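Chain letters run A, B, ... following the sequence lines, proteins first and then strands; every chain starts at 1. Being a predicted model, the structure only gives us computed values, none of them experimental.
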Amino acid sequence: MATDTAIVTRPAAPPGPLLSFWRSFRENRSAVLGLAVVIFIILVALLAPVLAPHDPLEQFKGATKLPPFWLDGSDPRFWLGTDAVGRDMLSRLMYGARISLFIGLSVMSVSMVVGITLGLAAAWFSGIIDVIIIRIMDLIMAIPSLVLAILIIAMIGPSLTNTIIAVTIVYLPRYVRLVRASALAELTKDYVTAAKVAGVRPFRLMASTVLPNCLAPLIVQSALGVSDAILEAAGLGFLGLGAQPPTPEWGAMLADTRDLMQSHPWVMAFPGLAILMTVLAINLMGDGLRDALDPRLKRS
Amino acid sequence: MKFVKLLGASLLVSTMLAAGAANAKTLVYCSEGSPENFTPAMNTTGTSLDAARPVYNKLVQFDPGTTTVKPALAESYEISADGMTITFHLRKGVKFHSGVNGFTPTRDLTAEDVIWSFNRQWKPDHPYAKVSGGAYDYFNDMGMPDSLVSIEKGADDLTVVMKLKEPNAPIMANLAMDFATIHSAEYADYLLKKGTPEQFDQMPVGTGSFSFVDYQKDAVIRYKAFEGWAGKPKVDDLVYAITPDPTARYAKMKANECQVMIAPNPADLEAMGKDADINLMSQAGLNIGYLSMNVTKPPFDKVEVRQAIAMAIDRDAILKEVYQGAGQKAKNPIPPTIWSYDDATVDWEYNPEKAKELLKKNGVETLETDLWWMPVQRPYNPNAKRMAEMMQADLAKVGLNAKLVSYEWGEYRKRLQAGEHQLGLLGWTGDNGDPDNFFFLAGCDKDGKPAGQNLSKWCDATFNADMMKARALTNQDERAAIYKEMQKIHHDQLPWLNIAHSTVFEPVRKEVSGYKISPLGAHEFQDVDIKE
């Protein structure tokens, strides 16, 4: 008897943080679609060696510029046709996803780690260190991002690693400024003062008291940062400053087939579509993340 | 009342002027790049030479569309019996352009102008020798300093006497080349007095059919018709619209924004052939596209390694995919349209297995190397990047890991000429139709130092001695025999791998008449007319 009453009267437990996040996230249909596409692309990228029908670097002599399967003159071996030197388009797109995601994720993680460190340092030390860090970030932001990236590449030489370095530098200020701003706001709050009074050392205070409370905007920023980095890297690849041939990088694939734009449009269309789909999906997902994580935008 | 009349009159005049402007015939040529300057002697690229050509003349010139030399500024010339003295008789009353850069010529062409033009390239103490960098590649590479004794005024103001150290068979063809352009010595003095000698190379004054109007880098060069010794050209204005992208050039052509264009995209040729507004002209090019193998960088110093590379690269596939079949696989360093071409040469076959064996024999199993590709489309190579990617895949099959390298076009040539590469793509379009003009690319000077254009830095004593010997002969059959011998040496020693002789395509609008493709890669507009 007593147990029965207990069940009836106890209010429903509040949902866990993950579940409540998912509930608000799934209300945004396009965000869910974006997430699905992103998961699909990640799976393709991870399983590229298993899924890809051919070696992305192998040139099939005599099978160049073949159209995709729904057009006349296609070859059943190559679903999406072949490029100007006879490499399988589908395989190159799959391996290209690996490269693009790798660039996006590495830029995001490196700039997040560096950004958090510099941002927290600026917020905690204030004074001259704050001024130096923020002025450097302002300097980087003052130059248009692609121009700055080209400048850096021109200095250190074009390669995949250097693309990552250049794009990381270009996108660093966003993270630094975001972390610094949220940390400054948090530092004035009572719980931080309480922690200080309790004798918490500065490092621990910043890392485990302040930082977790700055994470929500940072997660949104980093999701959107991935797509920006992919786009920027594709732009550099298009200009011939990114990954070097024969790496199947989407931007470079687009640039290499520019001369076929009028005679064999599909060769150029596929890498373009791949860039568009990936960036769009990540942006939609990022929007959903922001809606779900930002308490001010949360529906009550 | 008076005011109204005046207004009416001025209105009338302005409408007449406008109508006149509308009737002026303007020919727009879509060119591929910006010239470095307008002095042909300092340039080696077709882009820059094309830009200077409308303005200038030479003593002798090529008949448009051929490699035949005909008199130009020199009305006639005599070569002495020993072949060592050439006397030029200049045309009378040849006028220079007036009004360019504030300069008004006070006299016609004389021997002084001719001597001035050659001395600038020859004598280091010439007042203009060091202006604008002062590198005269053509003059030196054609062996002029070694063969000239003197250039002097003859019996009168219109006679020039050129003395040579030894008979030089290709000299008349060489003098028809752009480096032998005749400038105005008076204009040079005028600028020197003004204190701006470097303007000499930026705002050209010459005797050509078009006078220079203005130039905006990466945008446009304008010329206007000039009635000189050769008569008035058929069009009134000539415009070079600088359009680096071949697809954009084609689009402009379709919209009638330009009437003649250089270097169409091979992939667009089919559509151009079908276009009713466009007349697609073509001609076997006097050119060679090649892969230079730098013999100063091991292991390419070993001839067997170079031979292995020749066997590892599938040139038939390159011809099909890069040239779209519009070319001919090359087995000799000179194109088949030039006399002395050796058809008996047996080309290197595509045989990756044999190449691998040969490499192994020479201790090369895997190798990190570089492969340079030029960033621009050239007549002899429509898409160097694609070619390099195909070669990269072929080389990978025999264990060579080639890294693709490229620089901005000017920088690219400079670095290749300095021999920084291991494997590098380049090519050559003949300047005068003489075989010597191709062989000198693999030649060295008397001291065994490779010539500037000798990218592979290859010096072969027999090859060089032969080249010198052939230059001194005047009998074409004797020369041809020597050149055949040289082709054999080139084939066995492989300082570079011959890739292809391309077919040159030039689309012109149907309205254009009188345009001729030059086998030398020149673009000339003197005789071109355009229907309204």
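Of the atoms belonging to Glu389(B), heavy atoms from both backbone and side chain fall under 4.5 Å from chain A. Looking at Lys403(B), neither its backbone nor its side chain comes within 4.5 Å of chain A, counting heavy atoms on both sides. In this structure, no portion of Asp316(B) lies under 4.5 Å from any heavy atom of chain A.
No side-chain donor-acceptor contact under 3.5 Å links Gln422(B) and Asn294(B). Looking only at atom types and distance, the side chain of Gln328(B) has no donor-acceptor partner in the side chain of Tyr323(B) under 3.5 Å away. Looking only at atom types and distance, the side chain of His523(B) has a donor-acceptor partner in the side chain of Asp50(B) under 3.5 Å away.
Cation-pi geometry between Arg415(B) and Tyr407(B) is met: under 6.0 angstrom from the ring centre, within 45 degrees of the axis.
Taking chain A as the reference chain and counting heavy-atom pairs below 4.5 Å, the highest number among Val322(B), Thr247(B), Ile318(B) is found for Thr247(B). Between chain B and the options Val85(A), Asp259(A), Leu57(A), heavy-atom pairs under 4.5 Å are most frequent for Asp259(A). Contacts with chain A were tallied for Lys397(B), Lys385(B), Arg386(B); Arg386(B) has the most, counting heavy-atom pairs under 4.5 Å. Counting heavy-atom pairs closer than 4.5 Å to chain A, the top residue among Gln377(B), Lys320(B), Gln392(B) is Gln392(B).
Salt bridge Lys65(A)/Asp83(A): absent, no basic N to carboxylate O contact under 4.0 Å.
Of the possible donor and acceptor atoms, none in the side chain of Arg378(B) sits under 3.5 Å from a partner among the backbone N and O of Ala384(B).
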